[in-house]
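Report on the structure given below.
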Protein chains: 2
Amino acid sequence: MEEIRKDNTEEKILEAARTVFTKKGMDGARMQEIADEAGINKALLHYYFRSKQKLFEAIFSHVFKQIFPDIRSFIQAQKPIEEKIKIFSARYMELLMLNPYLPAFLLRELQRDPEFLASVIKSQGVNPGELLTMLKAEMGSGQIKNMDPRELLINLLSLIIFPVAAGPLLQIMFFGDDPDAYNEFLTRRKETIATFILHSILVK
Amino acid sequence: MEEIRKDNTEEKILEAARTVFTKKGMDGARMQEIADEAGINKALLHYYFRSKQKLFEAIFSHVFKQIFPDIRSFIQAQKPIEEKIKIFSARYMELLMLNPYLPAFLLRELQRDPEFLASVIKSQGVNPGELLTMLKAEMGSGQIKNMDPRELLINLLSLIIFPVAAGPLLQIMFFGDDPDAYNEFLTRRKETIATFILHSILVK
DNA sequence: AATAAATTTAACTATTTGGTTAAATTTTGA
DNA sequence: TCAAAATTTAACCAAATAGTTAAATTTATT
């Protein structure tokens, strides 16, 4: 059936575009390079996606969904706050370690075109309200210290995302330019982030 | 004297280039736009800086020095660790709030060309060794909990840099797209970052 | 005033790049 | 086998852009 074939080619293109776009950004990416990476020619690339912009938007939305996944999928409401934070940071770190280019790509593009970002956020229905409410509840029940829940969540995201986004820099400055040493560090972080945060916020 | 005049124009160019490059990145920046921003024409721009690459390298090094300033200048060795961390995060936050485009610019470009980054780091003699040694000493004397000092320093940098780098995103997602609310948040952070960290690492 | 340097003007080159086109070929489903 | 869809080939166009050039003009130095 054409559909399978079409899906395959479309998949190949999207995968290739993701690779090139996340590494080089919208401005640095070349349609020819995406075609090469997908193992097709430029004519076919435009046959599937009319323009670079269209292709970019498809990639951006996709990547955005990836990096703001459905939080409910990895937070179980009934678990204690310790578990929630441990699981959240471990899962998120794993996600980023599999896609190390995503954070810096997102940060770069959202600076280039904040309006587009806003439209994606709206259309995607990203809403941290639920998470914030949950944190607020934990504070109300005295499990963790009282503070602006946004601050706590942003701290958590900072500790998870920044070390991946700044990977090349940290690797050189702190790990003797050794990718293995850096990756071991990231792996350890899956646990140490939660520890670090919990030490700070748990009411003892 | 020509020197003063030359300096003025060169300064104007560097300032303009900094503005355009940090906002749009190497790939997105246009020489014409830099010339316009500097209030000169393209011919003169090339008269001062032979190529876009040369100009970019000048900017990158400059920006890099800014964002990795001489740490000794704002950490006094004799103060207790609480003070050191408070002052460090407050000063660093102030620096970034005055230059909000720097973090995302750095992250973007270091991903585009890690080799160039490495050469800049070497030539600039950036070396966190001193800071790490200081932290290790504080741990040895029982002031703060024992941990990998790199982890502590990276946590500190994460909490400071990420919320600025992800500014446009956070502003939309957490602050109702209100720049004032977001900026107040950043201002509060000058203190809350230190509090958050100290709660986590101080030996009570 | 004379000279040299800084700056502008404006046209131009060469290259890159996104995108198109049309014809040929291959693949696929009916 | 036939028709439609997918893919390739190869040439092409138009726009953007980095960089150049040379002459004219302005500004500063002596």
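Lettering follows sequence order; numbering is per chain, from 1.
Contacts between residues 24-46 of chain A and DNA chain C, counted as heavy-atom distances below 4.0 Å, involve Ala29(A), Arg30(A), Met31(A), Lys42(A), Ala43(A), His46(A). Residues from residues 49-59 of chain A with heavy atoms under 4.0 angstrom of DNA chain D: there are none.
The side chain of Tyr48(A) contributes an N or O atom lying less than 4.0 Å from OP1 or OP2 of dT7(D). The side chain of Tyr47(A) places no N or O atom within less than 4.0 Å of a non-bridging phosphate oxygen (OP1 or OP2) of dT7(D). Residue Thr9(B) places at least one side-chain N or O closer than 4.0 Å to OP1 or OP2 of dT7(C).
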Identify all side-chain donor-acceptor contacts of residues 156-172 of chain A below 3.5 Å with residues at least two apart in sequence or on another chain.
from: Ser158(A); atom 1: OG; to: Ile154(A); atom 2: O; distance (Å): 2.7
from: Gln171(A); atom 1: NE2; to: Asp177(A); atom 2: OD1; distance (Å): 3.4

Side chains of residues 39-47 of chain A: which donor-acceptor pairs under 3.5 Å do they make with residues two or more places apart or in other chains?
from: Asn41(A); atom 1: OD1; to: Ala43(A); atom 2: N; distance (Å): 3.4
from: Asn41(A); atom 1: OD1; to: Leu44(A); atom 2: N; distance (Å): 2.9
from: His46(A); atom 1: ND1; to: Lys42(A); atom 2: O; distance (Å): 3.3

Name the atoms and distances for all side-chain donor-acceptor pairs under 3.5 Å in residues 118-129 of chain A, with sequence neighbours left out.
from: Ser119(A); atom 1: OG; to: Phe116(A); atom 2: O; distance (Å): 2.7
from: Ser123(A); atom 1: OG; to: Ser119(A); atom 2: O; distance (Å): 3.4
from: Ser123(A); atom 1: OG; to: Val120(A); atom 2: O; distance (Å): 3.2
from: Asn127(A); atom 1: OD1; to: Gly129(A); atom 2: N; distance (Å): 2.9

Result block: side-chain N/O donor-acceptor pairs under 3.5 angstrom for residues 87-96 of chain A, not counting sequence neighbours:
from: Ser89(A); atom 1: OG; to: Ile85(A); atom 2: O; distance (Å): 2.7
from: Ser89(A); atom 1: OG; to: Lys86(A); atom 2: O; distance (Å): 3.3
from: Tyr92(A); atom 1: OH; to: Ile67(A); atom 2: O; distance (Å): 2.2

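Applying the salt bridge (charged side-chain N to carboxylate O under 4.0 Å, His left out) test to pairs two or more places apart or on separate chains, those with a residue in residues 101-111 of chain A are Glu109(A)-Arg112(A). Residue pairs meeting the salt bridge (charged side-chain N to carboxylate O under 4.0 Å, His left out) criterion with at least one partner in residues 124-133 of chain B, sequence neighbours excluded, are Arg72(B)-Glu130(B). Listed by first and then second residue, the ring-ring contact (aromatic ring centres under 6.0 Å, His included) pairs involving residues 9-31 of chain B are Phe21(B)-Phe56(B) (not counting sequence neighbours).
For Lys24(B), the NZ atom counts as loosely surrounded, since its 6.0 Å shell holds 12 or fewer non-hydrogen atoms of other residues, nucleotides or ligands.
Atom-to-atom, CD of Glu10(A) to P of dT7(D) comes out at 10 Å; the value is rounded to the nearest Å.
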